[in-house]
Amino acid sequence: MSIQYIQENLRMIRERIDQACHDCGRDPQGVRLVAVSKTKPAADVMAAFAAGQKLFGESYVQEFTDKAEQVDTPVEWHFIGHLQSNKAKYLRGRVRMIHSVDRLSLAREINRQWKRIDERIDVLVQVNLAGEQSKSGIAPQEAPALARKLSELPHLRVRGLMTLPPFFEDPQAVRPYFRQLRELSEEIAELGLPGVSMDELSMGMSHDFPVAIAEGATLVRIGTAIFGARETR
Ligand SMILES: *Cc1c(COP(=O)(O)O)cnc(C)c1O
């Protein structure tokens with residue numbers, strides 16, 4: 001995509017984020033835009049960076065490591081896709097946050113990898129609210145117990161929850177899922193677990209992010225509306 005196209009899209013998305021915050025009385029500083037660059041070339045990342053976008057999300061390990069090598073600007077990477085435990089090592093030291101922790105075995109492996117570099121990694125627990133077979137994520141009723149286990153892993157900081165809700169044409173139809181994620185996050189915060197802060201909610205994508213913001217999103221993950229439609233992988 002052309003640099004102008006990406007930069008104009010970014011400008012419009014930022015305006016819509018500000019508007020959504022204004023509409024519900026939130027401070028726009030409390031919502032960060034994760035530009036989802038999966039399937040897009042490094043040049044697109046650098047074009048967005050030139051327009052002030054510092055934070056990017058990627059979903060596929062191999063694609064991410066290849067791309068990160070080509071991007072020569074200091075971007076902050078978040079990993080947002082399904083992660084196999086044996087691939088966590090490729091993310092070690094390269095990503096600031098992993099949005100998709102949904103099982104203890106994966107969390108233990110991430111902990112093991114970040115121990116090697118003596119750092120702590122921010123993670124989110126991915127929750128599958130509608131029990132969709134096709135999607136990753138832990139069932140909501142099991143999330144508090146998982147958070148309790150993750151709390152014992154010294155190289156993880158559990159910052160909050162993430163969800164990928166069912167798709168509805170009408171973004172308002174997604175609202176109950178966003179609300180449910182916020183309520184679940186409040187429930188886990190009340191447990192007062194060490195190392196579990198629950199101050200981040202990763203929810204909302206290109207077509208429904210204003211609704212997610214109204215329900216408390218602090219990280220919105222937006223791909224298509226910035227970089228254009230993706231090639232199918
Ligand atoms: C691809 C992807 C997004 C971005 O979706 P768009 O509809 O293109 O904005 C957000 N979150 C996750 C987990 C994704 O895989």
Side-chain angles (χ1 to χ4, degrees), residues 1 5-17 20 31-41 44-45 47-48 51 53 55-65 67-68 75-84 87-88 91 95-103 106 110 122-138 143 159-175 177-178 181 200-213 215-233:
M1 282 298 165
Y5 172 86
I6 291 170
Q7 297 187 342
E8 176 60 14
N9 284 343
L10 266 175
R11 197 185 57 71
M12 286 188 299
I13 293 290
R14 289 197 189 111
E15 261 179 36
R16 291 178 63 202
I17 290 174
V31 180
R32 285 195 296 159
L33 169 59
V34 182
V36 178
S37 46
K38 65 175 184 229
T39 81
K40 300 296 178 181
D44 285 10
V45 171
Q53 179 63 32
L55 172 56
F56 294 85
E58 287 282 338
S59 294
Y60 309 105
V61 173
Q62 176 80 55
E63 185 199 331
F64 161 66
T65 54
K67 198 179 301 180
V75 311
E76 174 179 341
W77 295 106
H78 286 191
F79 192 81
I80 65 172
H82 177 72
L83 183 57
Q84 289 171 259
K87 294 199 173 159
L91 302 182
V95 300
R96 185 79 68 80
M97 188 185 281
I98 298 174
H99 291 223
S100 46
V101 174
D102 60 358
R103 58 200 189 278
L106 172 61
I110 294 170
D122 285 344
V123 303
L124 304 177
V125 172
Q126 181 173 352
V127 185
N128 187 345
L129 293 169
E132 293 170 281
Q133 292 288 326
S134 62
K135 288 179 183 162
S136 318
I138 190 167
R159 298 294 306 278
L161 304 180
M162 179 273 229
T163 198
L164 198 65
F167 180 86
F168 293 100
E169 216 46 71
D170 173 11
Q172 291 300 338
V174 194
R175 186 183 289 271
Y177 294 101
F178 294 147
L181 195 72
E200 300 277 14
L201 274 178
S202 171
M203 57 190 196
M205 315 200 295
S206 288
H207 90 295
D208 57 13
F209 70 88
V211 179
I213 289 172
E215 292 299 332
T218 64
L219 291 160
V220 289
R221 309 177 310 264
I222 301 180
T224 320
I226 297 172
F227 298 108
R230 286 180 288 274
E231 308 290 321
T232 46
R233 239 173 136 259

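These figures come from a predicted structure and were not determined experimentally. In each ligand, atom 1 is the first atom listed, and ligand 1 is the first ligand listed. What's counted below: heavy atoms across the whole structure, side chains too, no hydrogens, waters or symmetry copies.
- Electrostatic pairing of K38 and E58 does not count as a salt bridge here, judged by no charged N lying under 4.0 Å from a carboxylate O.
- Contact record, Y177 with L129: O-CD1, 3.1 Å, taken as the closest heavy-atom pair.
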> Yes or no on side chain to side chain donor-acceptor pair (under 3.5 Å) for Q126 and T163, after CA distance, side-chain angles and deciding distance?
Replying inline: CA-CA 6 Å; Q126 181 173 352; T163 198; over 6 Å; no
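- Looking only at atom types and distance, the side chain of E200 has a donor-acceptor partner in the side chain of T218 under 3.5 Å away.
- A donor-acceptor pair is defined here as one N or O able to donate and one able to accept, closer than 3.5 Å; such a pair exists between the side chain of Q7 and the backbone of A47.
- For F167, the ring-ring contact (aromatic ring centres under 6.0 Å, His included) criterion is met by H207, not counting sequence neighbours.
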Measure from every N or O atom of ligand 1 to the protein's N or O atoms and keep only the pairs below 3.5 Å, writing each with atom names and distance to 0.1 Å.
unit_1, atom_1, unit_2, atom_2, d
ligand 1, 8 (O), T224, N, 2.8
ligand 1, 8 (O), T224, OG1, 2.4
ligand 1, 8 (O), R230, NH1, 2.8
ligand 1, 8 (O), R230, NH2, 3.2
ligand 1, 9 (O), S206, N, 3.0
ligand 1, 9 (O), S206, OG, 2.5
ligand 1, 9 (O), G223, N, 2.9
ligand 1, 11 (N), R221, NE, 2.8
ligand 1, 15 (O), K38, NZ, 2.6

